[in-house]
Structures are given as structure tokens and as C-alpha cells.
Amino acid sequence: MTQLTKKTDLEADFLQLARIALSGRTQDVQVILRRAAKRYHQFVPQFADALMTLLHELPSQASPLRRQAEVPLPVDLDSRLHLMRVEAEPVLDHEPVFAPSLEASLRQLVEERRNPHALVRAGLDPSRAALFLGPPGVGKTMAARWLARELKRPLLILDLAAVMSSLLGRTGSNLRHVLEYAKMIDCVLLLDELDAIAKRRDDRGEVGELKRLVTVLIQQIDDWPSSGVLLAATNHPDLLDPAIWRRFDLHVEFPIPNEEAITRFVEGTLTPYFPAAREWSAFLAVAFVGQSFSDIERELSAARRSAALRDAPLEEQFAGLLTNKSIPKTRRIHLATALVDRGLLSQRRARELTGIARDTIRSRTSLKKKVVKRKNGRAEP
Ligand SMILES: Nc1ncnc2c1ncn2[C@@H]1O[C@H](COP(=O)(O)OP(=O)(O)OP(=O)(O)O)[C@@H](O)[C@H]1O
Ligand SMILES: [Mg+2]
């Protein structure tokens, strides 16, 4: 009976495969073969392994760029403008700083694509779609670019907020075109600002068009091949329709950076043009804590511009950031003392820049010296 069922399955699969292959839907052929490899692994493991090897090797033999060039980029039918941004070979200006748990999730996404056999053998699918959640400017788009670079795939970015501004009815077909296109090539597809479309379906005043749009999105996510990388980013996860939320099997949180992450980021950013970057990074991290990476980047650039125009040392500009009144006074005293201790500022400059009285700075620095002396076992004066 089992044998018979298997034979019937095999025939059904073969027929379906033939039908789809003959209609030229290569991407769907891949999906079916992948499913078959998984299903048959239990009965005919060698056959399943051979199938997986083929699936893994063949797409990479043809360059994604070459294949991409064969298929025209989807355009909006009204405006004839391209619907998405394509970065054929993604490059990063600087290396990203990821929180440890975030980095682990992203590395696993890469590993799942690089080593699909291990998952198939364990009867598992790679995670198909990942949702990037977090406030603006903390690296969601950058992470998509990083993933594409690691996987050596082109990055396609569809900005849903931009697409949504056109006719709603048109948006559904535009969305379908983009996803159909992206399925055909080995790429990383990022649906940016997903909340623009993925609003709760029970919103008041929401029109039928919007519901249809959500349905299109859900269908497209369901049809997405597991060999592809489908990412979506949002600043407003609370606006997402639960049905869409569920479609993403990986939820990746992008936090506001902590002091340690900011220190690494500032050091990395400043090093090329500022010799004392290492000494200053931890101080600046105190001033910047609570801000996003992109805000910090903007502040650093503004400081550089200002220093260049005034022909003043960058140190002065940075020390000025520490006068920021949002930093608690005790913290500022600590900073001013540490800057003087490390010889980065004179007591006078520290007072001018941080607003902390010289006496306070002097008493703290000398207090510190006394403690050090005591620790070293020297007699106190
Ligand atoms: N984790 C990070 N490490 C290093 N630089 C970062 C990081 N996050 C952001 N940046 C810097 O800030 C810029 C903006 O980041 P990005 O576009 O990735 O933010 P986002 O999370 O996608 O924001 P939005 O929600 O507004 O789209 C990047 O180009 C980069 O220079
Ligand atoms: Mg972004």
C-alpha cells in the first residue's frame, strides 16, 4: 500500500513538474524539486541528495546578473518608472555594528543559504522570510545590503511607501510584478516600509482595494521560494496585519545601540581621519547614547564640518558634545575627569567645554591619583 501510494505520488509529482517545466516557469520547477527532495529523502536518500546538489549548483552557474539582464526590470505602467532599486553588487561604506544576538540571526540566515543540505537532511526548510523590526536609522536596510553582499547576490529594494502613493489598484499588480521578477533571480529582496501596506485589515475607512493588496502580499509571501531571501523592514510592527506578521518565520529586532556598540561604531567611523579615535570613542559614546547610528553619523559629520570651517582641532568639537545638558551632571564630571586624566584635555579646556568647575575636576583627578598611590602601597603626602 505504501509502495502504491509512493508510486502515485511520484507520478503526480512528475506530471506536475512536466506541466510547469513546459510552461517555462523555472522558479516553480525549482520549488517543486526542492519539495520533492525533502519528501523523498526518507525513501531514496541518494536521489534526494543528488537533486539538492543540482538545485544548489545550477542557479549559481548562471550569473544572477546575466539572468537579470535577460528579464526586463518591472516598471509602473503609468509612469514607466522602475518599481524598485537594484544594487547588482552591493557595497557597504563601512562595516555594520550588530548587537550579538542580531548578528547571530543574520549569520544563520547566510549559513542556511550556504549549506541547505544540512537542513534538508534534518527534514527542515530554511527560514523563508525575515522581518526586520526597529526604529529608524539602526541598520535594517544596511543589514539587507550586508546579507546580499555575504551571499554574493544582487539586492532588490521595493519601497512600499513610494509604491503605495500611486493608485491602489495598480499597487497590487506592481507588487505582483516585482515579486514575480524577484523569484526568477537569485537575489535578496527587501520590502522596505512594509507597514505602508501591511496595515491591519480591520482599519476603519480601509477600502476593499487595500484588503486585496494585503491578500496579494500574503499570496506572494506564501509562494516565495525558500532558496530566495525575502526580507521586510518596518518601524511600526504594531501596524502589521497579524496574517502578514505570521508569514515571516524569522523576526529580527534591531535595537537602539548601547554604549559598547556606539564605541565600536564611532571608533570605526573616526579612525580613517582622526588619530585619537580610539581614546575618544568611549567618551563620545556617553554623549550619543540613546541615539540611532544614523543620527550619530550625522553628528560626527557636523562636528567635522564645523571644525574644518573654523580650522579648529576636532577634539574641541567633540569635547563640546560632552557639554550636552541631557547628560547627567555626575556623568559629565566623570567624563571631564577622565579626559583630563588621559591627557586629552587640559583642566581649563575641560572646564570650558564641559561646564564642570576646575576645582571639581582637580579634586577628582587628584583623588584618583591618591587611590592609585594607595593601591601601589605608597605613602600619602
Ligand atoms: N548597525 C549599524 N552599523 C553601522 N552603521 C549603521 C548601522 N545602522 C545604521 N548605520 C548607518 O546609518 C545609515 C542608515 O541606516 P539604515 O538605512 O540601515 O537604517 P534603517 O534601520 O533602515 O532606517 P529606516 O527605518 O529609516 O529605513 C547607514 O547607511 C549607516 O551609515
Ligand atoms: Mg531602511
Side-chain angles (χ1 to χ4, degrees), residues 83-87 89-110 129-151 155-165 178 187-199 229-240 244-245 248 250-274 277-278 281-282 284-285 287-305:
L83 286 168
M84 57 186 174
R85 271 195 344 258
V86 178
E87 298 180 19
E89 289 180 37
V91 256
L92 299 174
D93 294 341
H94 51 266
E95 286 308 299
V97 174
F98 294 133
S101 61
L102 168 60
E103 178 158 3
S105 302
L106 296 174
R107 289 207 180 275
Q108 176 156 340
L109 265 176
V110 172
L131 186 58
F132 289 177
L133 314 157
V138 290
K140 299 182 295 299
T141 305
M142 197 179 187
R145 194 167 285 126
W146 179 88
L147 275 170
R149 188 193 67 183
E150 293 297 298
L151 289 167
L155 172 67
L156 314 185
I157 302 180
L158 173 68
D159 184 345
L160 284 164
V163 180
M164 284 291 288
S165 63
V178 166
C187 68
V188 172
L189 173 64
L190 172 65
L191 305 178
D192 221 350
E193 304 213 34
L194 183 68
D195 41 280
I197 183 180
K199 284 193 172 164
V229 183
L230 176 61
L231 309 172
T234 176
N235 303 323
H236 301 287
D238 47 312
L239 291 182
L240 291 188
I244 292 182
W245 176 267
F248 290 88
L250 196 65
H251 296 166
V252 187
E253 301 248 4
F254 284 69
I256 282 279
N258 62 13
E259 264 185 56
E260 194 266 335
I262 300 177
T263 306
R264 275 198 287 153
F265 174 71
V266 170
E267 193 178 327
T269 313
L270 293 184
T271 298
Y273 55 85
F274 184 54
R278 182 172 267 256
S281 53
L284 290 169
F288 290 140
V289 84
Q291 298 190 45
S292 68
F293 286 110
S294 62
D295 285 345
I296 297 171
E297 204 167 38
R298 199 172 316 114
E299 289 230 34
L300 291 177
S301 303
R304 284 185 69 192
R305 267 187 228 110

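Order of listing sets the numbers, starting from 1, for every ligand and every atom in it. Numbers here are sequence positions counted from 1.
- Closest approach of A233 and D195 over heavy atoms only: O-OD1, 4.4 Å.
- Screening E150, E89, E87 against R145 for a salt bridge (charged side-chain N to carboxylate O under 4.0 Å, His left out) leaves a single residue, E87.
- Between F265 and F293, the angle of the ring planes goes over 60°, which puts this pair in the perpendicular group of the 30/60° scheme.
- Closest heavy-atom contact between P135 and F254: CD-O, 3.5 Å.
- Within 4.0 Å of ligand 1, the residues that place a heavy atom are H94, P96, V97, P135, P136, G137, V138, G139, K140, T141, M142, N235, F265, F293, S294, E297, listed by chain and number.
- L106 approaches L147 most closely through the heavy-atom pair O-CD2, 3.7 Å.
- Residues V138 and G134 share a closest heavy-atom pair of CG2-C, 4.5 Å.
- Residue-environment remark: CD (E253) stays at or below the threshold of 12 foreign heavy atoms within 6.0 Å.
- K140 contributes no side-chain N or O that, together with a main-chain N or O of A232, makes up a donor-acceptor pair within less than 3.5 Å.
- Distances shorter than 2.8 Å separate the Mg ion (ligand 2) from the protein N/O/S atoms T141 OG1.
- In summary, R264 and E95 do not engage in a salt bridge, as defined by a charged side-chain N under 4.0 Å from a carboxylate O.
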